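Notes for the one structure printed next.
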Amino acid sequence: MSADLVQPALVLSLVLFVLGALGVFLRRNIITVFMCVELMLNAVNLAFIAFSRARGTLDGQVLVFFVLTVAAAEAAVGLAIIISLQRGQDTLDVDAFRLLKW
Amino acid sequence: MVEGVLEDRVLMVLPFMILLLPLAGFVVLCLFGDAIRRHGESRGAGILACVTVLGSFGLSVWSVIRLLALVGGKDGLRFSQPYLGFEWMEAGGFRVPMSLLVDALSGVMILVVTGVGGLIHVYSLGYMSHDEDNVRYFSYLNLFTFFMLLLVLGGNLPLMFVGWEGVGLCSYLLIGFWFKKKSASDAGKKAFIVNRIGDAGLILGMVLAYHAFGSLDLVEIADNAGSLAPEGLGEMGVVTAVCLLLFVGACGKSAQIPLHVWLPDAMEGPTPVSALIHAATMVTAGVYMVARLAPLFVLSQTAMLVVASVGAATAFMAATIALVQTDIKRVLAYSTVSQLGYMFLACGVGAFGIAVFHLFTHAFFKALLFLGSGSVIHALSGEQDMRRMGGLRKYIPWTFATFLVGTLAIAGIPPLSGFYSKDAILAGALGKHGNVFFVIGLVTALLTAFYMARLLFMTFFGKYWGTEQHIHESPPSMLGPLVILAVGSAVGGFVDIPHFVQPVFRLPAHEEGHHVWLPWVAFFTAVAGMAVAYYLYVLYTEVPARLASRMRGLYRVLERKYGFDDLFNWIASRGVVQGSRDLLWAGLDSAVIDATVNGTGTVFRSLARGARTLQTGLVRGYALVMLGGAVAIVTYLLWAP
């Protein structure tokens, strides 16, 4: 990635992040919401790579590795939760799960 | 080494044995009491109790003989401090060694406690033989003897206090011995609670004494009291405070106004208990303590005046109450209170030796009178009201003869013992404090002679008013102690107790003025009192009732016992119960403390009611809030000033 690609990469990252956020807020299927969260994470990863390139250091890339690792663990736990939610209530509608309220 | 102490091996061991014998009796009766009773050997239990106490008496006589053989120190002061070899408590400079003190004063006391106590044990064999619970009775009696001996032998104030509390406990147990009777258990509680009030004073006094002297050892206090140079007014204030606090304790134990209310009620216990604990020994503990700390008390004029005043007031008021009582034991109870007042009067005017002398003679004749009244009650199968007695001298001649000796002794007819000690108290009070105490003492002597003669005449003379058909003389085990005590009451006055105990007080010897006329005045006072009683209760028996109706008001006051019980009831019911309910509970507890706690809860609950609506349970709502928060933070970071 040459230096003049940094700005487009950041723009792409922003677009992906906003898409992800919109998906989280607007979609009602849990799996979709979950995938949108993954999308936001990857948008941030892209931003890290771009900054790493712009600054000429490896710090951003190291952080990406951490994010990937955590995201993998998070995916495993998240999907397990989703399966058990589905088994409990026989639905994947986010708004159906509102037991934890006053 | 303090002057006067002599290393006497026998005297180092004997006092502990004197103490241990009754304790051993108690332990055996406690552990094997049930077995003894199951075998129907309860008489054996009584005999065991008697043997231990009489054994203690033998050892006490031996100790006093050894004590007399010691080479005296300054002013003939002899004492021995047996030490068990270890400390009871030790904290920094504060030491309470397990040490006893044997000197003339405790010598007299142990003789009285074990001697009179032993006789009363023997008497109890007969008196309590019908009671199925007499193993428990004798175990209490032995425990009492142990604690009483500890009280008078204890070498320091805390050890004395152990005995002091122990006798209080035994007193409570024995007053409430027939605990199925409500009045008996109530009386026990009353005695215990009133004594606690006094004990609070005693504890405070001890603490203050330690603060002032740096020691609680009786010998050290006595030796150092004189050298307690008044470094300022504060020092003397401390001494006065110590004396007054200790005297509060003495008032509780020795039934002085206003803490005397428990003693008449204590008559609910078995009669030998009244004789032992509430006449001869325990109630004299206060007198013993004041006499023991005489070197301290004489330093404070105020304390001495208070002691004498309380003593005089008690002597007089209790004697007047005794005039109108109709229960034979209650007359004797008030008489005891009155005579104890006499002893404090003697202490208060500085005649400590004479107070101990009166304690000694009083132990004999009051134990005799109580045991005699017990014999009367026994003969009449439980009747205690003198109005349903009369003419008993024909039926129970031995009881009558011994009772007569006791009455003459307490009234102060020479040559019986009461005459000498009472005369000595009057002589001690003469010429001091404007003769106020002398006059009160003389009037009290008149009243004493009167009410005792009244008791004698109502019980033994005239016509029999009761219904009991089988009036029977008591068994020998009861008459024996009566006869011995009668002999003691007759000749007890010839023992020179005052000179024997005088060195203990470490007071400068002073020759009292000898008044030839005083014994005659005392004698005629006693005779006059008895003569009036003879006139009223033998010759013209209808006069007392007329007098009572004539002086209605005065009679009522005496009958209500000056209203002390009513006053305390009022304080307890109005002050404590109502005050607690209306003021402390409704006013403070409910309105302030509870309201604060509940108010705190209410405030936070209403805050929470608003805050909890934020928690909707909608995941996307939370995410939105998070996003908003993140945007806000980033915005701040980017555009912060």
Side-chain angles (χ1 to χ4, degrees), chain A residues 10-11 13-45 47-48 50-51 54 63 67 70-71 74-75 77-86 88-89 91-102, chain B residues 572-641:
Chain A
L10 280 177
V11 173
S13 163
L14 183 65
V15 170
L16 285 175
F17 189 86
V18 171
L19 281 175
L22 284 177
V24 168
F25 293 123
L26 298 180
R27 301 305 295 259
R28 301 177 63 176
N29 188 299
I30 295 182
I31 296 180
T32 317
V33 169
F34 191 65
M35 290 193 308
C36 288
V37 171
E38 296 293 322
L39 190 60
M40 286 163 76
L41 280 173
N42 283 309
V44 172
N45 281 348
F48 273 130
F51 285 128
L63 267 174
V67 173
V70 173
E74 179 245 329
V77 176
L79 285 172
I81 292 173
I82 291 168
I83 289 171
S84 99
L85 284 176
Q86 149 74 19
Q89 295 229 7
T91 173
L92 284 174
D93 187 352
V94 175
D95 294 342
F97 303 100
R98 45 188 307 177
L99 280 174
L100 279 178
K101 55 173 279 200
W102 54 275
Chain B
S573 69
R574 192 57 66 83
V576 178
V577 176
Q578 274 194 20
S580 300
R581 195 173 48 210
D582 298 347
L583 204 73
L584 294 177
W585 180 28
L588 187 67
D589 214 30
S590 268
V592 179
I593 297 174
D594 285 4
T596 311
V597 176
N598 290 340
T600 313
T602 312
V603 165
F604 282 102
R605 213 163 59 180
S606 50
L607 282 178
R609 188 172 296 134
R612 73 187 176 190
T613 53
L614 291 176
Q615 194 173 12
T616 55
L618 283 172
V619 180
R620 292 185 300 175
Y622 302 154
L624 189 62
V625 174
M626 267 170 68
L627 183 76
V631 169
I633 290 170
V634 171
T635 313
Y636 176 78
L637 287 177
L638 288 182
W639 283 286

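In the text below, chain A, chain B and the rest are named by the order of the sequence lines, each starting its count at 1. Keep in mind that what you see is a predicted model, and the values were worked out from it rather than measured.
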query: Is there a side-chain contact between A:F97 and B:L618, using heavy atoms and a 4.5 Å cut-off?
result: no
- prompt: Is B:F604 atom CZ crowded by more than 12 heavy atoms from other residues, nucleotides or ligands, each under 6.0 Å away?
  reply: no
query: Can you name the closest pair of heavy atoms from A:F25 and B:L627 and give their distance?
result: CE1-CD2, 3.5 Å
- prompt: Do the non-hydrogen side-chain atoms of B:R620 and A:L26 ever get within less than 4.5 Å of each other?
  reply: no
